[in-house]
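Comments concern the structure below.
Labels below follow one simple rule: chain letters A, B, ... track the order of the sequence lines, proteins then strands, and each chain is numbered from 1. Since the model is a prediction, treat every value here as computed from it, not as a measurement.
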Amino acid sequence: MRVIVGVKRVVDFAIKARVKADKTGVVTEGVKHSMNPFDEIALEQGIRLKESGAVKEVIAVSCGPTACQETLRTALAMGADRAIHVPVEGAAYETLQPLAVAKIFKKLAEDNQANLVLFGKQAIDDDANQTAQLTSALLNWPQGAFAAKLSVEGGSKVKVVREIDGGLETIELNLPAVVSADLRLAEPRYASLANIMKAKKKPLDKKTPEELGVDIKPRIKTLSVEEPPVRKAGIKVENVDGLLQKLRTEAGVTF
Amino acid sequence: MFSIRSSALSSRVSALSSALCRPRAAASAGVRAMSMQAVDASIGLTEEQLEIQRMALNFAKTEMAPNMLEWDAKEIYPAETMRAAAKLGFGAIYCNPDFGGTGLSRMDGTVIFEALSTGCVSTSALLSIHNMVVYAIDSFASVEQREKYIPSLANGERFASYCLTEPGAGSDAASLVTSAKREGDFYVLNGTKSFISGGGEHDVYMVMCRTGGPGAKGISCVLVEKGTPGLSFGQKERKLGWNSSPTRQVIFEDVKVPIANRVGKEGEGFSIAMQALNGGRVNISACSLGGAQEALSIAREHLLVRKQFGKSLASLQNSQFKLAEMATGLQASRLMVRQAAQAMDSKHPAAASLCAMAKLFATDTCFDICNQALQLHGGYGYLRDYKVQQFVRDLRVHQILEGERRRILVMVSDLVNHVFGTASRGTGTNNGAGLAPPLTHLLLLLV
């Protein structure tokens with residue numbers, strides 16, 4: 001079985017995001033980046049499937065500027081067998097949206113005869129939570145989003161325990177399938193020094209969107225990105241009547 | 001370790017979501033945010049070193065930083081964390097891979113110890129001492145000895161301690177008196193070693209002892225294992241810092257050690273000890289770098305948050321200048337440490353003196369950075385709840401051990417005298433003699 005894992009290079013979760021002065025997005029220049037935490041979890045799961053013998057090959061994929069190769073090297077150090085970088089630079093990268101990424105992954109899954117595509121449930125920069133679902137729809141493969149547990153059953157199915165609002169849902173998917181990782185799916189390992197050294201020798205290939213025949217033009221235009229409004233101080237009311245009055249006149253609640 | 005990691009991960013994610021929603025109070029106060037790029041420890045590193053640094057920083061942040069204060073307050077030896085670090089390859093960083101070493105360079109080692117020290121200086125330093133001993137075994141021991149000791153010392157099964165100092169022999173290490181009398185196929189050791197990091201806890205002790213006459217030439221190096229009859233340990237010392245590292249006297253009372261445990265020839269022990277110390281100095285300096293980096297970062301955070309007289313302290317030019325001076329000192333220290341490490345890797349003849357100078361400069365400068373960082377915290381800097389005071393306490397000893405300042409100054413000034421051809425000031429072995437001794441002899445014999 002062959003697994004493709006999407007790993008996105010995002011602004012490190014610990015960095016306080018700042019909006020650019022021109023309101024076109026968040027400041028990314030000179031800011032620390034790392035692998036999207038949910039992608040790390042998905043990758044860890046893929047590697048564990050390989051270690052258990054269920055999977056033969058784990059391929060890490062990242063779409064974006066040259067710096068994404070850092071993220072791919074980390075993926076190789078953790079245990080992926082090979083990596084594919086889909087270069088998307090500058091303005092094209094700033095407007096790269098989940099639908100375009102899903103189309104890329106569809107083509108790569110077909111070209112590489114993948115049986116399973118793993119994603120993190122969402123990227124912590126855009127919080128889109130769309131790529132896995134779009135990919136599964138484009139491929140017409142079953143999907144298991146928000147996976148907290150994933151196991152391969154007999155080589156032709158996967159069992160996924162999903163974290164949903166109501167609790168936990170267990171589903172069985174026929175392979176090939178698309179799964180997105182939630183927080184508790186797998187705790188990512190630290191790449192050992194020996195594996196970091198070995199990663200240098202693992203293949204890292206490039207495949208441009210043109211070579212893949214994918215149109216990555218955006219379908220959605222971002223009009224502006226702004227900080228959330230500064231939180232205003234609260235006020236005290238004298239009694240319940242005062243509270244009801246405020247709710248009616250200021251909070252816009254009708255009753 | 002796994003449960004620590006997943007709670008850390010979920011707190012990472014929730015920290016992220018709350019961070020995105022927090023109002024930008026600091027930005028709206030018109031404060032010039034200082035870019036920390038100039039104090040970026042990743043400048044000048046290769047791709048592989050960057051990956052190593054990333055991993056080590058991650059390990060430090062997740063496994064060490066949350067425990068740093070507790071390990072210090074309760075004097076906990078973090079055995080699990082040490083073991084986990086060794087399993088990742090941090091146990092024998094620059095030893096040959098044939099018996100389990102990771103096969104990286106001294107330069108890589110400095111990157112690692114600096115990164116780990118951002119999490120806990122004391123633990124990182126103890127790990128570096130262990131690495132120093134394993135390296136000495138790797139470099140000077142026979143194949144049989146290496147095969148016997150390296151694998152378990154590299155993978156975290158066992159840890160090692162370095163035993164040179166005695167109650168009567170500190171800077172004047174060559175005057176040590178722990179004796180090793182030859183009796184058949186054994187040496188019988190008698191004496192006391194003091195200030196031994198890992199003493200009582202670690203399994204393998206590299207002991208410099210006297211097999212021959214007085215002075216450096218009479219000293220040999222033997223490996224003694226915990227549990228050997230006659231080997232005992234003093235009470236755990238109560239220290240100002242380095243509290244995750246147990247420090248004890250190591251006491252030898254007719255301890256029989258097989259001749260096969262001697263590393264190198266008789267009389268080579270002092271040279272082995274000194275060569276090990278060169279690298280040890282670079283490592284300790286790297287630990288200072290990490291502590292100072294973290295203290296600087298913490299100080300900056302505090303200045304952004306703390307307001308007095310209607311403005312944040314970070315908006316005051318005096319505070320900004322203070323941080324700038326600290327950052328500059330840190331950068332300078334880092335360059336000295338890295339060049340010294342690279343000189344060791346390339347076996348440059350000036351390596352030992354570069355290590356000495358780096359140790360002198362970096363340990364002093366980094367301690368000052370931490371001390372300044374404490375000052376910038378005002379009263380809060382004095383509270384044990386805040387990390388900055390621990391960085392001050394932990395870094396303080398780096399200015400003392402592995403070559404007390406004055407010894408280092410003797411080393412460096414003798415080198416300078418030698419280079420400029422002036423009469424020798426008087427070395428440990430050549431008091432008042434007119435001619436400067438040969439360079440390599442000088443560098444090996446001075447503590």
Check your understanding: What part of B:Glu47 gets closer than 4.5 Å to chain A, counting heavy atoms only: side chain, backbone, both or neither?
Key -> side chain
Revision key, fill the gap. With A:Leu116 as partner, the option from A:Leu49, A:Val58, A:Ile4 fulfilling side chain to side chain contact (heavy atoms under 4.5 Å, CB included) is A:Leu49
Exercise for review: Could you have a look at A:Ala194, A:Ser34, A:Ala191 and say which one has the most heavy-atom pairs with chain B under 4.5 angstrom?
Suggested key: A:Ala191
Practice item. Determine whether A:Leu150 and A:Leu185 make a side-chain contact, defined as any pair of heavy atoms from C-beta on separated by less than 4.5 Å. Key: yes
**Study point:** Contact origin within A:Gln69 toward chain B - heavy atom pairs under 4.5 Å
**Key:** neither
Review point. So, does B:His130 use its side chain to make a donor-acceptor pair with the main chain of B:Ala154 at under 3.5 Å?
Key: no
Practice item. Using modelled atom types only, decide if a donor and an acceptor are shared between the side chain of A:Lys207 and the backbone of A:Ile84 within a distance under 3.5 Å. Key: no
**Study point:** Beyond-backbone contact of A:Asn36 with A:Ile124, side-chain heavy atoms, under 4.5 angstrom
**Key:** yes
Point to revise | ring-ring contact (aromatic ring centres under 6.0 Å, His included) involving B:Tyr94 - partner list, sequence neighbours excluded | key: B:Tyr135
Exercise for review: Not counting sequence neighbours, which residues clear ring-ring contact (aromatic ring centres under 6.0 Å, His included) with A:Phe119? List them please.
Suggested key: A:Phe105
Review point. What part of B:Leu50 gets closer than 4.5 Å to chain A, counting heavy atoms only: side chain, backbone, both or neither?
Key: neither
**Study point:** chain A-proximal positions within residues 100-107 of chain B [heavy-atom distance under 4.5 Å]
**Key:** B:Thr102, B:Gly103, B:Leu104
Review point. Which residues pass the side-chain hydrogen bond (donor to acceptor under 3.5 Å, both in side chains) test with A:Thr24, sequence neighbours left out?
Key: A:Asp22
